[in-house]
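Sequence lines set the chain letters: A, B, ... in the order given, protein chains first and strands last, and positions in each chain run from 1. Hydrogens, waters and symmetry mates play no part in the numbers below; they use all other heavy atoms, side chains included.
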Amino acid sequence: MAGYLEMRNITKKFSGNVVLDNVNFSVDKGQVHALIGENGSGKTTLMNILAGLYTPDKGEIFINGEKVTIDSPIKAQNLGISMIHQELRVFPDLTVAENIFIKREPLKKAVPLPVIDWVEAYRETERYLKCFNLNINPRVPVGYLSYGQQRFVEIIKAISCKADLLIMDETTSALTEKEIQMLFETIREIKKLGVTVIYITHRLGEVKQIADAVTVLRDGKVVCSSNADKMNMNEIVQVMAGRKIEDRYPKIKVKMGGEVLRVQNLNYEGILHNINLDLRKGEILGIAGLSGAGRKTLAKVLFGINTPFDGTITINGKKFNSITTRTAMNNGLCYVAGTGTEESLIKQLSVARNITITNLKRVSRAGLLMPAMEAEFAADYLERLEISAEHDDIADTLSGGKQKKVALAKWLFNNARILIMDEPTAGIDIGSKVDIYNIINELVLSGASVIMISSDFAELSGMCDRVAVMYNGEIIKILNKDEISSEKILFYAAGGSERDL
Amino acid sequence: MDERKITGHREFSLKRFFFQWEWMLVLIFIIINIINSFLSPYYLNLRQLISTTATFLDKAFVVLPMTFVILLGDIDISVASTIALSSVIMGVLYNLGVPMAAAALICLVVSTLCGFFNGYLITRFKELSSVIITLSTSIIYRGIAYIILEDQAAGNFPSWFSFLGWGELGGIPLMLIAFAVFAVAFAILLHKTTFGRRVYAIGNNATASRFSGIQVDKIKIIIFTMVGFMCGVTSLFLTSRMGSTRPNVALGYELDIIAMVVLGGVSTAGGKGRIGGAILAVFVIGFLRYGLGLINVPSQLLLIIIGALLVTAVLISKIRMNVKKVRTVPSDIKQ
Amino acid sequence: MFAIERQSRIKEILLKEKRVDVIELSKMFSVTEVTIRRDLDKLAREGFLIKTYGGAVLNKKQFPDLTDTDKSSQEEVSTEKQMIGKIASNMIEEGDAIFLSPGTTCMEIARNIKQKRLTVVTNDILIGYELRDYPGVKVIVTGGDLMHSTSALIGGFALRALQDIYISKAFIGVKGIHFNSGYTVDRHEEVMILGEVIKKSREVIIAADYTKFNRTAFARLGDLRIAKKVISNKQVPSEYKQFYFENNIKLYTTFEFE
């Protein structure tokens, strides 16, 4: 039966930004349909519309040829649509069965009052668990289960709703290889029952294993949709990445000095595996990866936020087996957090206070703050980084581009020599973007080194001397200057390996 | 850059100056005094007023570090128990023959340790809120005090010890002088030093503070330890005034102390407020109590009035925040 | 200690140590780092030193004695132009054949490439003179008519000199940059020479400090898209930054750190 689900001309804007632009998307019954695209390409938004979490600004949805409006999650549920979200949504203190049957518990038929038939609920749960070969006690609170097991509880919950259409958003992102294979087995099982599955992922390897059809989204548009066997990895990567725009980045060639940072056999809490990395004076090293690849975790380990780790980190020849934020800073290493996060600026405080916070000693004498000196310093940094703001402006009132620069200024104030920058240009105007690139240039020219974490692969290709690509907590490829391109980065970031080429 | 004005503070604005909560408190303070002097002919007597401060200043010592705790976004409800425990230990030790000076010193040490223990637990078990932890230690500290003294009292302190709580220097109570010294010290610590700056940073955004290299845990422990120490100071003055000690001294003080800080305009969400407000609030509540006491207003009614003031303070600070939100236009739109 | 005294002390230290550090100096004189940076700024303007991240180094070219010949035409070189020179020198590789157009901006580039091995073609006699002492630098001065009261060579002779050479990177200083009028220079005779250079060059790089933006000089050199690289300062108006970025033109701007 063809054309089971059809979404026509779906458009969605968030505060002026077009996230989905006239998207047409159709799925056949009983198919596993993979929906792929880079971070922020609109995959999750499209599916959230289907699950009734967002209403589209424009467009129509047809199920079995009938036009439907899905304006609430309940409506979606009634239509047989069930979604497993990217982040876990379980109640850790409730048992497996309680989680699975929440809000639709089976009632005792013999009693006219709504009394829950727990015997039935547990029996039903056990049946499902057996069906998926899961060795879990249904009476155990979900919080005691492993992450993978919790995932399966969610999946069972979704299936037990008698869903016709199951949406899985990045379900495999934190699963082990064994669990992933189990999940695929499950998907094949439910496919046999006639359930349709939309499978959001950015791992191309999985697409080959499980999907019947593929749709690729880029910048909120469908760029390609076809049967899975007709596409190869390279083609998918090509269409995902789009046009070549690496020429516009003002990269300066800098004579590199000696090694300033070396990471050896770094492991962290099962999130990072066997990371090996080195950075030279004057080098810009890019770290690429899709969300959940472990880029930020790596940065936070290096900066002493996430501790303890296994392995060694060598900064300027000094070996460390453990690092605190203090030792990192004292050795000139800093983490310029993304301004979209809580980690960057203290938004309620003034620009000057944000800049000087990293090194209050510089603006104090014997512990007493010198407000005039602080203001002078802040004004000086504002001028040098071309930030048109006053030192006593509250950080929150500044535009995104200015905030990024202030976040950088605060680390320059502490004489940073190794800067780990998280998404240094995400979401800011082009003028500020160009400024940031040139500030990075100036930094490496003066002998600092930069590690640039970015989801903008064109930017990484344009600005970096080398790019380390992370996938699933590992560095699976380090690209040298002459081999860097957006396509290559995306290929490896999506889990491609040499033999796929 | 030369055209840019480089000053430590924003330009002085009369409007902003009077819009501060501290001025509301001053206003309330004046109104209370006017009403009081109308209601009771005995009220308006400067000497009397000054020596009255000694009746409510015991709590005020803890208000100072409590301001830091609330600025951090935390709370410490074990202060009353800490006062009781240190007071009881001091009394018992003295009665066992330990010299008074040594007993007083031990009182300070015990309370400081209590505070340190709170800080340690709060930073060690981050998943528990400071409310839960200090509630538990509050019960523990008070419990220990009961175990030591059961339902007895300890006392018979030397006469010089009572001078601490009752003595006056040039007509000014010793307690007022001590409080003034501590108040100035804490005000400088909070508003003029790098330490105070870090407290505000943590209170506004602990994550960003940590990512800026501030040792959040260390500062928390220091502050809770300071609270403990000041509990010891209170304990000394309070015990001196009472002349004896029991395990149930200072019962309910924690609520009064927290109320004073909140009335002083310090936001319980952390990061906002000044120590001056808290100090003013001490006197507002103190004189309110005294004045209403003179005209024999029942203490239950007194509590209602203080409660009403508190609600007003919280509401007004919320309204002011909303007004500010509307008023702040991003700077690039202005251009 | 007065600023003057302090600055002369800094000069002494520089002459002896060849480099200074802002933090050390501020401790030594117990003044703020901002103050020290101001001092260094001043000395940099005097051409005594070159600022670096965290300090400054002695400006060596100042000491192979500059003769009187170029003092007359030596305008005060702004820090902005110095920084442009520094950035440009980082684009030049060993073995390049570069062209430097007349003017102080390109003079700054010349000052920063003395230690490299390369060929420099120029129609500015002062640039040629500046590079006379450096064995690694092969200098070709075009010849031609000396433009009145400048050091630029123009006319048929200059043009003929350019005929049979090829240039890998041409650095061209302009007097105006504008969305409508494009890149402009003072005289149309210059346009003839520069137009020929652009034809002969693999890469054209415009070097102009920020004051040249939104200005139009007399003679038009070409559209804003004729160069794929532009070097300027951080004060470049935002709309130009955006224009260059969207048109795949690399805009290099200078930011100064301590």
Side-chain angles (χ1 to χ4, degrees), chain A residues 243-255 282 332 359 362-363 365 370 372-381 383-388 401 405 408-409 412-413 415-417 425 429-448 458-459 462-463, chain C residues 21-23 26-27 30-38 41 50-57 79 83-84 86-94 115-116 205 210 228-258:
Chain A
R243 65 204 180 280
K244 208 178 165 76
I245 45 169
E246 284 131 38
D247 276 349
R248 55 176 70 169
Y249 298 91
K251 162 81 180 154
I252 289 188
K253 263 196 193 143
V254 176
K255 264 218 184 88
N359 195 346
R362 260 179 102 178
V363 288
R365 291 282 173 271
M370 306 273 147
M373 198 165 140
E374 181 174 34
E376 201 180 345
F377 262 124
D380 186 49
Y381 274 89
E383 188 218 355
R384 276 200 250 161
L385 294 184
E386 194 65 13
I387 309 169
S388 51
K405 286 188 191 170
L408 200 53
L412 298 183
F413 182 72
N415 288 319
R417 307 300 295 160
T425 66
D429 62 294
I430 291 174
S432 307
K433 234 181 193 181
V434 174
D435 283 352
I436 298 260
Y437 297 136
N438 280 295
I439 291 169
I440 292 176
N441 273 340
E442 208 66 43
L443 280 168
V444 290
L445 264 181
S446 58
E459 163 182 294
M463 288 301 294
Chain C
D21 184 280
V22 171
I23 296 172
S26 88
K27 280 196 189 123
S30 28
V31 292
T32 69
E33 290 160 39
V34 176
T35 314
I36 293 293
R37 224 182 58 78
R38 294 251 165 79
D41 265 338
I50 296 167
K51 293 207 294 169
T52 60
Y53 186 56
V57 293
T79 325
M83 310 268 299
I84 290 173
K86 204 176 88 192
I87 298 265
S89 73
N90 276 290
M91 294 180 180
I92 299 167
E93 284 160 70
E94 300 281 303
Q115 307 309 326
K116 294 184 193 257
I205 299 161
Y210 72 98
K228 285 286 164 211
K229 285 180 182 168
V230 178
I231 312 174
S232 187
N233 309 114
K234 62 184 174 190
Q235 295 93 334
V236 168
S238 197
E239 57 272 23
Y240 284 92
K241 285 176 185 163
Q242 182 165 358
F243 173 85
Y244 283 135
F245 192 74
E246 285 175 347
N247 285 281
N248 284 346
I249 295 164
K250 300 183 184 193
L251 171 65
Y252 296 84
T253 57
T254 58
F255 282 86
E256 48 169 330
F257 298 137
E258 292 164 283

**Q** Which residues, numbered in order, of residues 239-247 of chain C come under 4.5 angstrom of chain A by heavy-atom distance?
**A**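 Hits under 4.5 Å: C/Lys241, C/Gln242, C/Phe245, C/Glu246.
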
**Q** Using every non-hydrogen atom in the two residues, find where A/Pro250 and C/Leu251 come nearest and quote the distance to one decimal.
**A**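 Here A/Pro250 and C/Leu251 meet closest at CB-O, 3.2 Å.
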
**Q** Is it the side chain or the backbone of C/Lys86 that comes within 4.5 Å of chain A heavy atoms, both, or neither?
**A**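 Only the side chain of C/Lys86 comes within 4.5 Å of chain A.
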
**Q** For A/Glu383 and C/Lys234, work out which heavy atoms get closest and say how close.
**A**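 Looking at all heavy atoms of both residues, the closest pair is O-NZ, 2.9 Å.
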
**Q** What do you reckon, is CD of C/Gln115 surrounded by more than 12 foreign heavy atoms closer than 6.0 Å?
**A**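 No, the 6.0 Å shell around CD holds no more than 12 heavy atoms from other groups.
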
**Q** Which heavy-atom pair separates C/Glu33 from A/Phe377 by the least distance, and what is that distance?
**A** CB-CZ, 3.8 Å

**Q** If I measure from the heavy atoms of chain C, does A/Asp435 come under 4.5 Å with its side chain, its backbone, both, or neither?
**A** both

**Q** Return the CZ to OG distance between A/Arg365 and C/Ser30, rounded to the nearest 0.5 Å.
**A** 8.5 Å

**Q** Nearest heavy-atom pair of C/Arg38 and A/Glu376: which atoms, and what distance?
**A**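 That would be NH1-OE2, 3.6 Å.
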
**Q** Would you compute the distance between atom OG1 of C/Thr254 and atom CD of A/Glu386 and round it to the nearest 0.5 angstrom?
**A**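 Here the rounded value is 9.5 Å.
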
**Q** Using non-hydrogen atoms only, which part of A/Leu445 is less than 4.5 Å away from chain C: side chain, backbone, both, or neither?
**A**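 For A/Leu445, the contact with chain C is made by the side chain alone.
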
**Q** Can you tell me how far CD1 of A/Ile252 sits from NZ of C/Lys250, rounded to the nearest 0.5 angstrom?
**A** 10.5 Å

**Q** To the nearest 0.5 Å, how far apart are CD1 in A/Ile439 and CZ in C/Phe255?
**A** 4.0 Å

**Q** May I ask you to name which of A/Met370, A/Met373, A/Lys255, A/Arg417 has the most heavy-atom pairs under 4.5 Å with chain C?
**A**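 Sorted descending by pairs with chain C, the first entry is A/Arg417.
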
**Q** Shortest non-hydrogen contact from C/Ser238 to A/Gly431?
**A**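 Looks like OG-CA, 3.6 Å.
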
**Q** Do A/Asn415 and C/Ile23 have side-chain heavy atoms sitting under 4.5 Å apart?
**A** yes

**Q** Would you call A/Glu442 and C/Thr253 a side-chain contact if the rule is heavy atoms closer than 4.5 Å?
**A** no

**Q** For A/Lys251, is it the side chain, the backbone, both or neither that has a heavy atom under 4.5 Å from a heavy atom of chain C?
**A**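 Looking at A/Lys251, just its backbone touches chain C.
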
